[in-house]
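Below: the structure, in structure tokens.
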Amino acid sequence: MTAQTDTQGSVTTVYKVSGMSCGHCEGAVSGEISEIPGVSSVQAVAASGEVTVVSEAPLDEKAVRAAVDEAGFELVGQA
């Protein structure tokens, strides 16, 4: 598990997402995940397939998976 608690009381988690190939893909994934309650920051990188999410508390992986699915991609798991 790559989730870690930061000093400000936030949690940073890195997920692997398959299928992202461009900036539009990054935006679609970021947009969907950012709608999950408690998420304060999302950075998707198509080249590595990694999505870094900063949230107030650990996220339910089912919610993240649903958001990634909604964007048209597949959540592989935590990096």
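Not measured: the values here are computed from a predicted model.
Taking the side chain as every heavy atom from C-beta outward, Leu59 and Ile36 approach each other to under 4.5 Å. Side-chain contact between Val64 and Val53: absent, with no pair of heavy atoms (C-beta onward) separated by less than 4.5 Å. Here the side chains of Thr12 and Thr52 are in contact, with some heavy-atom distance below 4.5 Å. Side chains of Val68 and Glu74 form no contact here, defined as non-hydrogen atoms less than 4.5 Å apart.
Counting heavy atoms of neighbouring residues, nucleotides and ligands inside a 6.0 Å radius, atom CD of Glu56 does not exceed 12 of them.
Atom CD of Gln43 sits about 12.0 Å away from atom CD1 of Ile33, to the nearest 0.5 Å. With rounding to the nearest 0.5 angstrom, the CZ atom of Phe73 is 3.5 Å from the SG atom of Cys25. Separation of atoms CD (Glu35) and CD (Glu70) is listed at 8.5 Å; rounding is to 0.5 Å.
A side-chain donor-acceptor contact under 3.5 Å links Glu26 to the backbone of Ala46. Lys16 contributes no side-chain N or O that, together with a main-chain N or O of Val51, makes up a donor-acceptor pair within less than 3.5 Å. In terms of modelled atom types and a separation under 3.5 Å, the side chain of Ser40 and the main chain of Val54 share a donor-acceptor contact.
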**Request:** With side-chain contact (heavy atoms from CB on, under 4.5 Å) as the test, would you mind laying out the steps for Val14 and Gln78 before giving the verdict?
**Result:** CA-CA 6 Å; Val14 179; Gln78 292 188 13; over 6 Å; no
**Request:** Would you check, one step at a time, whether the test side-chain contact (heavy atoms from CB on, under 4.5 Å) holds for Glu61 with Leu75?
**Result:** CA-CA 9 Å; Glu61 190 167 310; Leu75 177 67; 3.9 Å; yes
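Taking each heavy atom of Met20 and Ala44 in turn, the nearest pair found is SD-CB, 4.1 Å. Closest non-hydrogen pair, Ala57 versus Ser55, comes out as O-OG, 2.7 Å.
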